[in-house]
Enquirer: 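Quick one: structure below, then a few questions.
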Amino acid sequence: MAVTGRVAGRGFFNRSAVVVAPDLLGCVIEHVTDDGLVAVRLTEVEAYSGDLDPASHAYRGPTPRNAVMFGAPGHLYVYFTYGMHFCANVVCEGVGVASAVLLRAGEVVEGAELATHRRGGALSRELARGPARLTVALGIGRDDNGLDVCNAGSGLRLRRVRATAQRVLAGPRVGVSAGAQTPWRFWLDGEPTVSRYRAHAPKRRAVKPAAR
DNA sequence: CCATAGATGCACT
DNA sequence: GTGCATCTATGGC
């Protein structure tokens, strides 16, 4: 059955990502495509702030890739990584301030059949457990970069759902090397859909043949 | 549950 | 050329 909750407007996103991030927990993101609708209740997010955040894609200033992060709040920033995955952020704060919240994980609450098909038959709680899995479940890809979550015509919207009694926990972000100490990952306590925490795994360089 | 390796395209140095 | 805001498969406990 349909999820109820007020659709988030521009003002909701026009705040610091660190403030928006915990507010997103429990909220539901919906994406409508020709295939149907999938809705995900967010259980895990991470905040990224361009100015002083070495982990942010915007840390070194504007580039073609991160341009959306510098734009208006409420738009989707989708990036491609590891040669095969897409991850989705919601842009926060005003034009010129590169701040965003990465949608890391959630629970599929509507359109489970479609999401399961997109995910190749994964188990229910694995459907959107992890940022790249979440984009697959929702049908978000390269073409969705820059879409306006606050515009009904975009097919994307965020419903604000009453905060649960669940505790919000915070800790270091996943998979980042620089800025790994900043506790800007937020998740709902006890949720089985929260991705298992993995600290950044430094890759050893291939060992060169010993010099002789 | 934990740890590791490989896949793979591209933005940026 | 280097290094990813990751996932899956595989193996061990």
Enquirer: Would you please confirm or rule out a distance under 4.0 Å between OP1 or OP2 of dA11(B) and any side-chain N or O of Arg60(A)?
Expert: no

Enquirer: Does dC4(C) have OP1 or OP2 sitting under 4.0 Å from an N or O in the side chain of Ser177(A)?
Expert: yes

Enquirer: Over how many whole Å does the gap from Arg129(A) atom CZ to dT8(C) atom P extend?
Expert: 11 Å

Enquirer: Rounded to whole Å, how long is the line connecting atom CZ of Arg133(A) with atom P of dC7(C)?
Expert: 6 Å

Enquirer: Rounded to whole angstrom units, what separation is found between the OH atom of Tyr59(A) and the C1' atom of dG3(C)?
Expert: 17 Å

Enquirer: According to a strict under-4.0 Å criterion, is Arg142(A) in side-chain N/O contact with OP1 or OP2 of dG9(B)?
Expert: no

Enquirer: Does the structure place the NZ or CZ of Arg15(A) under 6.0 Å from the centre of the six-membered ring of Phe13(A), at an angle of no more than 45° from the ring's axis?
Expert: no

Enquirer: Got a donor-acceptor pair under 3.5 Å from the side chain of Tyr79(A) to the base of dA5(C)?
Expert: yes

Enquirer: Counting only side-chain heavy atoms from C-beta out, which of dT8(C), dC12(B), dA7(B) sits nearest to Met84(A)?
Expert: dA7(B)

Enquirer: Atom OH of Tyr82(A) to atom C1' of dT8(B): distance rounded to whole Å?
Expert: 12 Å

Enquirer: Do the rings of Phe80(A) and Phe86(A) sit parallel, tilted or perpendicular, given the 30° and 60° boundaries?
Expert: tilted

Enquirer: Looking at dT6(C), dT8(C), dA5(C), which one has an atom nearest to any side-chain atom of Arg119(A)?
Expert: dT8(C)

Enquirer: Select one nucleotide: of dC12(B), dC10(B), dC7(C), the one nearest the side-chain heavy atoms of Ala132(A).
Expert: dC7(C)

Enquirer: Quick check on dC2(B): is either OP1 or OP2 less than 4.0 Å from any side-chain nitrogen or oxygen of Arg196(A)?
Expert: yes

Enquirer: Using a strict cut-off of less than 4.0 Å between a Lys/Arg side-chain nitrogen and an Asp/Glu carboxylate oxygen, indicate whether Glu46(A) and Arg104(A) qualify as a salt bridge.
Expert: yes

Enquirer: Does Arg173(A) make a cation-pi contact with Tyr48(A), if we ask for NZ or CZ under 6.0 Å from the ring centre and within 45° of the axis?
Expert: yes

Enquirer: Counting only Watson-Crick pairs (N1-N3 plus N6-O4 or O6-N4) and G-U wobbles (N1-O2, O6-N3), all under 3.5 Å, who is the partner of dA5(C)?
Expert: none

Enquirer: Can you confirm whether more than 12 heavy atoms, excluding those of Arg10(A), are under 6.0 Å from its CZ atom?
Expert: yes

Enquirer: In whole angstroms, how far is the C1' atom of dC12(B) from the CZ atom of Phe80(A)?
Expert: 16 Å

Enquirer: So if I take every side-chain heavy atom of His85(A) and compare against dC7(C), dC10(B), dC4(C), which nucleotide ends up nearest?
Expert: dC7(C)

Enquirer: In whole Å, what is the span from the CZ atom of Arg118(A) to the P atom of dC7(C)?
Expert: 17 Å

Enquirer: When the distance from CZ of Phe186(A) to P of dA5(C) is rounded to whole Å, what number comes out?
Expert: 19 Å

Enquirer: Write down the distance between CZ (Arg104(A)) and C1' (dT6(C)), rounded to a whole number of angstrom.
Expert: 9 Å

